[in-house]
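Reading through the structure tokens given below for one structure.
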Amino acid sequence: MAKEGITPRAQDYAQWYLDIVRGADLADYAEVVRGCIVFKPTGYALWEAIQRGLDDRIKATGHVNFYFPLLIPKSFLMKEAEHVEGFAPQVAEVTHAAGEKLAEPYVIRPTSETIIGYFYAKWVRSWRDLPLLGNQWANVMRWEMRPRPFLRTTEFLWQEGHTVHADHEDAERETLKILHEVYADFVEKEMALPVIKGLKTEKEKFPGALRTYCMEAMMQDGRALQAGTSHNLGQNFAKAFGIQYSDRNNQMQPAWTTSWGVSSRLIGALIMAHSDDDGLVIPPHLAPVQVVVVPIFKNDAERAAVMAAVQAITADWRPRGIRFHIDERDHLTPGFKYNEWELKGVPLRVEVGPKDIEKKSVAIAPRIAQDNINANAAAGGRKPKAFVPQQGLADQISSLLEQLQRTMYDRALRFRNEHTFEASNYDELKQGIESGFVRAWWAGSRDDEERIQEETKATIRCIPLEQPGGKGKCFYTGEEASQVAIFAKAY
RNA sequence: CGGGGAGUGGCUCAGCCUGGUAGAGCACCUGGUUCGGGACCAGGGGGUCGUAGGUUCAAAUCCUAUCUCCCCGACCA
């Protein structure tokens with residue numbers, strides 16, 4: 001039962017995604033600025049919800065926010081060899097200002113390790129200054145060949161954390177803490193998106209990092225989406241920018257740094273992981289509007305009675321922390337509103353009409369199917385709907401929202417499990433990556449990895465932190481392997 | 001950035017081949033009847049046909065350039 005104007009997923013997944021973005025009114029194309037989008041209010045509200053959830057966790061783990069300039073001297077980028085090489089093809093440069101050519105061009109930040117490194121070198125003096133735990137919310141720009149709304153735009157919004165540590169162990173601890181306690185915790189609990197946490201291979205790691213940890217999520221077409229990364233930068237940037245400190249013995253030591261980020265791409269992940277052919281589906285924890293109330297009336301007298309009832313019914317919702325909206329528009333039929341709010345992904349709909357006033361009930365309809373709420377033929381619909389008493393409604397809504405949150409996570413996890421395959425040879429891998437993730441014992445080289453990518457379009461998404469243990473036979477080289485890798489096509 | 005497709009009211013598109021006063025459906029506005037799963041009738045508003053240049057008495061239509069979007073590839077959060 002696809003909505004008007006929504007291409008079914010099975011027909012064209014890419015078009016479906018674009019239809020959701022447009023239909024749910026999340027973004028507009030900034031067609032006058034190639035590759036950029038306008039975050040419309042509903043899209044930006046999702047970003048604000050993501051920011052809130054992450055910012056709370058970033059601060060709870062001891063970090064503070066700050067802000068560095070958008071423009072970075074071009075020479076800064078050149079100081080770390082791998083870093084320049086990695087980002088050079090993607091940077092935009094400012095060469096002129098005030099009508100004059102600049103002596104040294106600036107680049108528009110593609111990420112801020114370099115400029116922050118410069119200042120960290122000034123700020124860090126002693127072991128007592130460490131760890132230095134900072135984060136900034138910012139926009140960055142990376143010139144993209146093939147942009148897609150939220151998933152890959154030339155300018156995007158993100159947070160980037162940058163920390164300095166006295167030794168490798170502390171930097172490593174930080175890198176993993178962010179991955180587990182900030183990123184995966186947020187994405188799994190608030191976005192209802194199960195992720196696989198792992199290590200990037202040399203080929204896939206951040207340019208200039210010692211190692212990169214990541215979390216990978218599965219989209220409904222079986223492809224992987226990198227939902228966040230956390231880098232142990234080793235001493236690479238510290239050495240390039242001279243970040244050093246006096247240790248307890250008054251010896252100068254190069255420091256160790258980390259950086260980590262998640263971006264507005266998460267909105268794309270949210271859409272592609274949860275939504276259906278009827279439109280967007282937003283997990284209740286994240287939803288800017290969790291419940292929409294649709295009043296039903298035929299005339300002014302009914303309208304007055306119904307609105308009074310709606311006021312009474314919703315009176316205790318706000319104090320209970322339920323985020324809701326009452327759709328009072330009177331030029332649209334209820335049926336139209338149902339479809340519209342489903343398209344926009346609101347988790348729960350409550351209908352209040354004259355019959356409900358009489359029976360002290362309301363109709364309640366979850367955005368996605370729930371075991372305890374069945375399709376209600378009496379309501380003329382094929383969609384799940386239940387009539388429940390007004391008494392104790394706030395409690396029931398709160399618990400239903402929690403139930404929906406769990407259902408969404410479970411549903412996404414089940415989908416991932418059903419689309420994850422084991423491969424013990426190359427043919428099995430080729431077959432598996434057509435519809436999902438492939439787990440396989442891996443002892444190949446970087447060259448092997450590149451060859452596999454050329455031949456199959458799939459990459460090693462990560463070496464999962466959770467390993468089966470023991471040894472296996474590499475599916476590609478036939479050698480003894482001590483680790484399992486996840487292969488998939490990626491966004 | 002290479003290959004392919006497309007830009008005409010807010011949306012989906014027709015008109016272009018064969019140049020001659022810009023159309024439809026949906027959406028929007030007004031009024032009325034409706035209203036528990038995408039209402040109906042009547043009236044109305046809205047488009048320098050992506051942009052720039054050229055050909056022509058005359059260009060949405062033909063030519064050139066350019067921008068943007070979509071699909072496929074190489075690059076990436």
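Letters A, B, ... are given to chains in the order of the sequence lines, protein chains preceding strands, and every chain is numbered from 1. As the structure is a computational prediction, the values presented were derived from the model and not from experiment.
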Once you apply a heavy-atom cut-off of 4.0 Å, does [X] come out as touching a base, just sugar-phosphate, or nothing?
| X | value |
| --- | --- |
| A:G353 | base |
| A:Q226 | sugar-phosphate |
| A:D356 | base |
| A:R349 | base |
| A:T153 | base |

Legend entry - Stacked pair A:F156-B:A77, distance under 5.5 Å, angle under 30°: yes

Distance check needed: [N] [atom2] versus [X] [atom1], whole Å only.
| X | N | atom1 | atom2 | value |
| --- | --- | --- | --- | --- |
| A:L332 | B:G37 | CG | P | 15 Å |
| A:E302 | B:G36 | CD | P | 11 Å |
| A:M145 | B:G4 | CE | P | 19 Å |
| A:Q453 | B:A74 | CD | C1' | 10 Å |
| A:H331 | B:G32 | NE2 | C1' | 16 Å |
| A:E155 | B:A77 | CD | P | 17 Å |
| A:E340 | B:C26 | CD | P | 18 Å |
| A:M272 | B:A77 | CE | P | 15 Å |

Inset, instruction - Return the residues of residues 282-294 of chain A meeting this criterion: a heavy atom under 4.0 Å from some atom of RNA chain B. Order them by number, or give none. - result: none

Should [N] form a Watson-Crick or G-U wobble pair with both distances under 3.5 Å, which nucleotide is its partner?
| N | value |
| --- | --- |
| B:U55 | none |
| B:C49 | none |
| B:C28 | B:G44 |
| B:U33 | B:A39 |
| B:U68 | B:A6 |
| B:A74 | none |
| B:U61 | none |
| B:U21 | none |

Legend entry - A:T333 vs B:A39: side-chain N/O to OP1/OP2 distance below 4.0 Å: yes

Inset, instruction - Determine which pairs satisfy salt bridge (charged side-chain N to carboxylate O under 4.0 Å, His left out) with at least one residue from residues 33-53 of chain A, sequence neighbours left out, and list them in order. - result: A:D25-A:K40

Legend entry - Within residues 218-232 of chain A or reaching into it, pairs that qualify as salt bridge (charged side-chain N to carboxylate O under 4.0 Å, His left out) - sequence neighbours excluded: none

Roughly how many Å apart are [M] and [N], using the [atom1] atom of each and rounding to a whole number?
| N | M | atom1 | result |
| --- | --- | --- | --- |
| B:G15 | B:C28 | P | 27 Å |
| B:U48 | B:A22 | P | 12 Å |
| B:G54 | B:U18 | P | 24 Å |
| B:C76 | B:G4 | C1' | 23 Å |
| B:C71 | B:U64 | P | 27 Å |
| B:U51 | B:C67 | C1' | 7 Å |
| B:A60 | B:C16 | P | 14 Å |
| B:U8 | B:G44 | P | 27 Å |

Inset, instruction - Kindly determine whether A:R109 and A:I115 satisfy side chain to side chain contact (heavy atoms under 4.5 Å, CB included), including the steps that lead there. - result: CA-CA 9 Å; A:R109 65 180 162 221; A:I115 192 163; over 6 Å; no

Legend entry - N/O donor-acceptor pair, side chain A:K337 with base B:G37, under 3.5 angstrom: no

Legend entry - Polar side-chain contact A:R142-B:C76 base: donor and acceptor under 3.5 Å: no

Legend entry - A:E328 and A:K337 ion-paired at < 4.0 Å: no

Legend entry - A:D447 with A:R451: basic N within carboxylate O range, under 4.0 Å: no

Nucleotide N/O to protein N/O under 3.5 Å, stretch nucleotides 65-70 of chain B:
from: B:C69; atom 1: OP1; to: A:G35; atom 2: N; distance (Å): 3.0
from: B:C69; atom 1: OP2; to: A:R34; atom 2: NH1; distance (Å): 3.4
from: B:C70; atom 1: OP1; to: A:Y29; atom 2: OH; distance (Å): 3.1

What pairs with [X] under ring-ring contact (aromatic ring centres under 6.0 Å, His included), at least two apart in sequence or on another chain?
| X | result |
| --- | --- |
| A:F336 | none |
| A:Y183 | none |
| A:Y476 | A:Y426 |
| A:Y118 | A:F76 |

Inset, instruction - Check the angle between the aromatic planes of A:W16 and A:Y13 and answer parallel, tilted or perpendicular using the 30° and 60° thresholds. - result: tilted

Legend entry - Distance, nearest 0.5 Å, that separates CG of A:L280 from CD1 of A:I271: 6.0 Å

Quiz: residues 203-215 of chain A side-chain donor-acceptor pairs under 3.5 angstrom, not counting sequence neighbours:
from: A:K203; atom 1: NZ; to: A:Q453; atom 2: OE1; distance (Å): 2.5
from: A:K205; atom 1: NZ; to: A:E202; atom 2: OE1; distance (Å): 3.4
from: A:K205; atom 1: NZ; to: A:A209; atom 2: O; distance (Å): 2.8
from: A:R211; atom 1: NH1; to: A:H168; atom 2: NE2; distance (Å): 3.3
from: A:R211; atom 1: NH1; to: A:E172; atom 2: OE1; distance (Å): 2.5
from: A:R211; atom 1: NH1; to: A:E172; atom 2: OE2; distance (Å): 3.4
from: A:T212; atom 1: OG1; to: A:F206; atom 2: N; distance (Å): 2.9
from: A:T212; atom 1: OG1; to: A:H231; atom 2: ND1; distance (Å): 2.8
from: A:Y213; atom 1: OH; to: A:E172; atom 2: OE2; distance (Å): 2.2

Inset, instruction - Quick one: list whatever passes side-chain contact (heavy atoms from CB on, under 4.5 Å) with A:A488, sequence neighbours left out. - result: A:A224, A:F437, A:R461

Inset, instruction - May I ask you to decide if A:R367's main-chain N or O and A:E342's side chain share a donor-acceptor pair within less than 3.5 Å? - result: no

Legend entry - Which residues share a side-chain hydrogen bond (donor to acceptor under 3.5 Å, both in side chains) with A:D28, sequence neighbours left out: none

Inset, instruction - When you get a sec, tell me which of B:C1, B:C76, B:G36 is the closest nucleotide to the side chain of A:R152? - result: B:C76

Legend entry - A:I296 side-chain proximity, nearest of B:C35, B:G38, B:A77: B:C35

Which atom pairs link the protein and nucleotides 10-14 of chain B when you take only N or O atoms and keep those under 3.5 Å?
none

